[in-house]
Amino acid sequence: MKKKFILIATFVGLLMSGCSDSFLDEVAKDKTYADNLYTDLNGFNASKHALLNMVREERGEAILSIEFGMMWKVGTDVAWANSEFSWSRGLNRYTEADLNSTMQFLNGESTDPSAHPGVFLVMYRCINAANMLIDRAENKSVDWGGATPADNEKRKNEVVAHARLIRAWCYRHLAMTFGAVPISEHEITGSSYRDDWEREPVEKVQALMEQDLLFAEKYLPEKADNVTTLSKVVAQHFLTELYLWENRNEDAVAKGKAAVSNPNYKLITARYGVKKNQPGCAFMDQFLDGNILTSEGNTEALWILPNTTLDNTNGRYPNSMRRTWVSEYNKLGIDYKPEYGGRGLGRAAITAWVFSIYEPQDDRFSEYAVRKSYVDKKGNTVVCDMAASKMKSNNNKWASTRKWDWTFPEKNRWNDGYAYCNQTFLRLADTYLLYAEALHKTGDDAEAAKYINKVRTRSHATPITAADVTLDYILDERARELVTEEYRRETLIRTGKLVERTRKYNPIAAGTRDHVPGIQDYQVLLPIPQVIIDANVGKPMEQNPGYK
């Protein structure tokens with residue numbers, strides 16, 4: 001019963017909430033609780049920053065030394081799990097014995113699920129934190145620090161806009177991953193605790209997401225002044241995607257056009273920044289440490305995850321992108337070196353199909369973007385594998401992206417297990433391709449080709465014509481541009497292409513390599529975690545079809 005209570009409490013976010021019905025008059029002034037945090041603008045900003053940090057954790061190591069967001073990338077047409085665990089085997093191969101309601105990545109660490117929860121609980125913990133901010137912002141006694149009532153209202157709305165955008169981001173993950181899910185719109189406290197949650201239809205989740213994103217679009221600034229503030233273009237990006245998901249294609253065109261028309265953001269098309277005078281390419285400049293921030297010349301980044309301290313000399317927030325996507329090349333007799341981007345573990349890898357769809361001159365497939373060879377301790381060149389026949393577990397020779405290279409030579413930190421650099425979380429190129437998809441779905445392939453070509457010509461790929469534009473072509477281009485960045489599983493679910501394209505382009509997930517069934521239609525949705533079903537004692541919660 002004790003464990004069950006902990007799981008329920010985690011689900012409703014009780015561990016992050018202040019109890020609204022106090023039974024003691026004394027207030028502990030030396031600790032931060034909801035009741036003494038949400039009193040002024042500084043307190044609400046602290047909560048806003050905590051919400052932004054929850055998004056950053058997606059690229060951290062929640063479980064087993066991998067990027068938490070890897071679960072939305074492997075087992076698709078673009079990625080596979082090079083170094084498997086039991087939970088990643090389920091997503092990598094779609095084995096029924098591993099992909100089930102008790103799998104670790106969904107349920108969390110078995111020893112302490114409240115401290116290391118699975119993805120379902122992580123999202124609801126974030127939702128409850130957002131709800132707490134939204135609800136408590138309506139308290140008339142909050143000191144917003146404005147000079148006028150209008151100024152106070154503006155400050156309040158901007159903070160709430162961040163919380164509502166993050167809430168929509170959470171429900172996006174939940175609905176695309178699990179389908180129908182419970183909806184919570186208000187702070188959960190000790191007095192409002194529930195154990196009888198119901199799964200609501202995806203359409204209701206989408207409606208709440210739309211309300212939240214429209215509010216965020218209205219009250220976020222045209223251009224963010226710093227990395228602790230998001231601009232309205234982020235909301236417009238996710239509204240474009242949401243409307244595409246709902247087949248509201250004219251609405252998607254309208255929001256996509258608004259996003260790409262923002263004069264404060266543009267594609268990186270010329271060399272800039274810390275390695276401007278060294279060999280390289282414009283596409284990869286935007287991924288280099290020292291080039292990420294707007295103040296450093298990055299005009300393409302819409303959402304940035306700041307991981308460094310202000311002086312940029314010490315890591316503050318570790319991320320696992322490099323250790324997840326860079327091969328464990330030291331096992332080939334190769335020293336970790338700054339020029340190789342530092343230490344990798346190769347938990348995930350790009351499929352052979354993705355490597356095969358670039359033109360030779362495409363900068364996104366150049367030596368600056370893809371690690372294709374190493375030099376070992378004896379001076380021999382080790383050529384990396386990129387053929388489908390070499391997609392085998394623990395292949396340390398597999399080619400890897402250089403988007404997440406990071407070292408700190410001055411501090412001899414190229415052996416660090418983690419990277420500590422700032423990272424771009426969302427780019428304008430992604431928005432361009434969403435907009436092109438919306439244009440295509442409304443029949444304007446000429447304009448769709450125009451925006452696809454903006455992305456392609458930046459990397460010296462051959463421009464296309466309107467006749468080339470299809471949904472599959474756009475998905476191909478998203479793979480070329482956004483591999484390892486994009487939530488590929490969710491893109492393919494949204495477009496109805498997950499099973500088709502995974503079977504076609506990923507022999508491991510298709511089952512053809514191991515002569516097993518591979519991905520099945522019902523596995524488009526993942527199972528509701530067993531800890532959630534067991535904890536919801538007040539009303540039975542149905543499992544997704546196909547899972548026991």
Side-chain angles (χ1 to χ4, degrees), residues 4 7-8 10-12 63 68-76 86-108 110 113 117-127 169-184 194-209 242 245-246 487-503 509-511 516-548:
K4 183 173 288 187
L7 294 172
I8 295 171
T10 304
F11 175 43
V12 300
I63 298 175
F68 193 61
M70 183 179 119
M71 66 168 294
W72 293 296
K73 300 173 185 179
V74 301
T76 68
S86 59
W87 71 262
S88 63
R89 183 168 60 244
L91 290 172
N92 195 37
R93 303 172 186 267
Y94 291 91
T95 50
E96 291 186 0
D98 301 299
L99 183 52
N100 55 51
S101 65
T102 63
M103 66 187 302
Q104 185 180 34
F105 214 68
L106 299 182
N107 290 268
S110 58
V119 62
F120 198 95
L121 297 179
V122 166
M123 291 299 123
Y124 278 103
R125 183 177 64 178
C126 188
I127 286 169
W169 172 82
C170 290
Y171 278 119
R172 172 190 180 281
H173 270 325
L174 286 163
M176 286 188 176
T177 304
F178 302 104
V181 292
I183 291 178
S184 174
R194 291 178 56 187
D195 62 4
D196 60 347
W197 295 92
E198 296 182 29
R199 298 178 64 185
E200 301 289 353
V202 170
E203 292 77 13
K204 289 188 68 174
V205 179
Q206 291 171 326
L208 176 59
M209 289 173 57
L242 173 63
W245 185 16
E246 297 179 295
Y487 302 125
R488 186 63 170 191
R489 180 182 184 88
E490 295 175 342
T491 296
L492 296 181
I493 288 172
R494 174 177 62 76
T495 56
K497 290 281 190 175
L498 176 62
V499 175
E500 173 193 335
R501 288 179 66 96
T502 300
R503 285 175 175 166
V516 295
I519 186 171
Q520 301 299 303
D521 289 348
Y522 77 88
Q523 291 170 324
V524 168
L525 295 179
L526 298 184
I528 300 295
Q530 196 62 43
V531 292
I532 303 303
I533 292 175
D534 293 344
N536 205 56
V537 295
K539 179 174 287 189
M541 183 174 288
E542 293 184 2
Q543 181 56 272
N544 279 330
Y547 298 103
K548 299 179 180 178

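When reading the values below, keep in mind they use all heavy atoms of this one structure, side chains included, and skip hydrogens, waters and symmetry mates. Treat the numbers as computed from the prediction; the structure is a model and nothing was measured.
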Engineer: Strictly distance-based, threshold 3.5 Å: is any side-chain N or O of Arg199 a donor or acceptor partner for the main-chain N or O of Phe178?
Structural biologist: yes
Engineer: Might you point out which heavy atoms bring Val202 and Trp245 nearest each other, and give the distance in Å?
Structural biologist: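 Here Val202 and Trp245 meet closest at CG1-CZ2, 3.9 Å.
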Engineer: Is it the case that the ring center of His173 lies less than 6.0 angstrom away from the ring center of Tyr487?
Structural biologist: yes
Engineer: Short question: side chain of Asn107, backbone of Met103 - any donor-acceptor pair under 3.5 Å?
Structural biologist: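 Side chain of Asn107 to backbone of Met103, a donor-acceptor pair under 3.5 Å: yes, one is there.
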Engineer: Against the six-membered ring of Trp197, is Arg194 placed for a cation-pi contact (under 6.0 Å from the centre, within 45° of the normal)?
Structural biologist: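 So Arg194 does make the cation-pi contact.
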Engineer: Would you mind telling me which of Asn544, Leu99, Asn100 makes a side-chain contact (heavy atoms from CB on, under 4.5 Å) with Leu526?
Structural biologist: Leu99
Engineer: Which heavy atom of Arg125 sits nearest a heavy atom of Pro117, and at what distance?
Structural biologist: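 Heavy atoms only, the tightest pair is NH1-CG, 4.2 Å.
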Engineer: Look only at the side chain of Glu500 and the backbone of Lys497, and say whether a donor-acceptor pair between them is shorter than 3.5 Å.
Structural biologist: no
Engineer: Between Leu174 and Trp169, is a side chain to side chain contact (heavy atoms under 4.5 Å, CB included) present by the stated rule, with each step listed?
Structural biologist: CA-CA 9 Å; Leu174 286 163; Trp169 172 82; over 6 Å; no
Engineer: Quick check: are there more than 12 heavy atoms from other residues, nucleotides or ligands sitting under 6.0 Å from NZ of Lys204?
Structural biologist: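 Result for NZ/Lys204: open.
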Engineer: Looking only at heavy atoms, what is the nearest atom pair of Phe120 and Pro182, with distance?
Structural biologist: CZ-CD, 4.1 Å
Engineer: Show the nearest heavy-atom pair for residues Ser88 and Met70, with the distance to one decimal.
Structural biologist: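 For Ser88 and Met70, the tightest heavy-atom pair comes out as CB-CE, 4.1 Å.
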Engineer: Using only atom types and a distance under 3.5 Å, with no angle test, would you say the side chain of Asn92 pairs donor to acceptor with the backbone of Ala509?
Structural biologist: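 Checked: no pair found.
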Engineer: Over all heavy atoms of both residues, which pair between Met176 and Leu525 is shortest? Give the atoms and the distance, please.
Structural biologist: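 Looks like O-CD2, 4.1 Å.
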Engineer: According to side-chain hydrogen bond (donor to acceptor under 3.5 Å, both in side chains), who are the partners of Arg172, at least two apart in sequence or on a separate chain?
Structural biologist: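 Testing Arg172 for side-chain hydrogen bond (donor to acceptor under 3.5 Å, both in side chains), a comparison that skips the adjacent residues, returns Glu241, Glu490.
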Engineer: By side-chain contact (heavy atoms from CB on, under 4.5 Å), which residues pair with Glu542, not counting sequence neighbours?
Structural biologist: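 Once residues adjacent in sequence are excluded, Glu542 has no partner under the side-chain contact (heavy atoms from CB on, under 4.5 Å) criterion.
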Engineer: Partners of Arg488 by side-chain hydrogen bond (donor to acceptor under 3.5 Å, both in side chains), sequence neighbours excluded?
Structural biologist: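 With sequence neighbours excluded, Arg488 shows a side-chain hydrogen bond (donor to acceptor under 3.5 Å, both in side chains) to Asp77, Glu486, given in chain and number order.
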Engineer: Taking side-chain hydrogen bond (donor to acceptor under 3.5 Å, both in side chains) as the test, write out the residues that go with Thr95, two or more places apart.
Structural biologist: Asp98
Engineer: Sorted by first residue and then second, give each ring-ring contact (aromatic ring centres under 6.0 Å, His included) pair with at least one member in residues 522-548; sequence neighbours left out.
Structural biologist: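 Applying ring-ring contact (aromatic ring centres under 6.0 Å, His included) to every pair that reaches into residues 522-548, excluding sequence neighbours, yields Tyr522-Tyr547.
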Engineer: Output all residues satisfying side-chain hydrogen bond (donor to acceptor under 3.5 Å, both in side chains) with Lys539, sequence neighbours left out; order by chain, then residue number.
Structural biologist: Glu198
Engineer: Of Val499, Thr76, Val524, which meets side-chain contact (heavy atoms from CB on, under 4.5 Å) against Ile519?
Structural biologist: Val499
Engineer: Can you name the nearest heavy-atom pair linking Ile528 to Ser101, along with the distance?
Structural biologist: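 That closest heavy-atom pairing would be O-CB, 3.5 Å.
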Engineer: Any chance you could lay out the side chain to side chain contact (heavy atoms under 4.5 Å, CB included) test for Val516 and Arg93, step after step, and finish with the verdict?
Structural biologist: CA-CA 9 Å; Val516 295; Arg93 303 172 186 267; 5.5 Å; no
Engineer: Is a side-chain N or O of Asp195 found less than 3.5 angstrom from the main chain of Val537, in a donor-acceptor match?
Structural biologist: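 No, because the side chain of Asp195 does not come within donor-acceptor range (under 3.5 Å) of the backbone of Val537.
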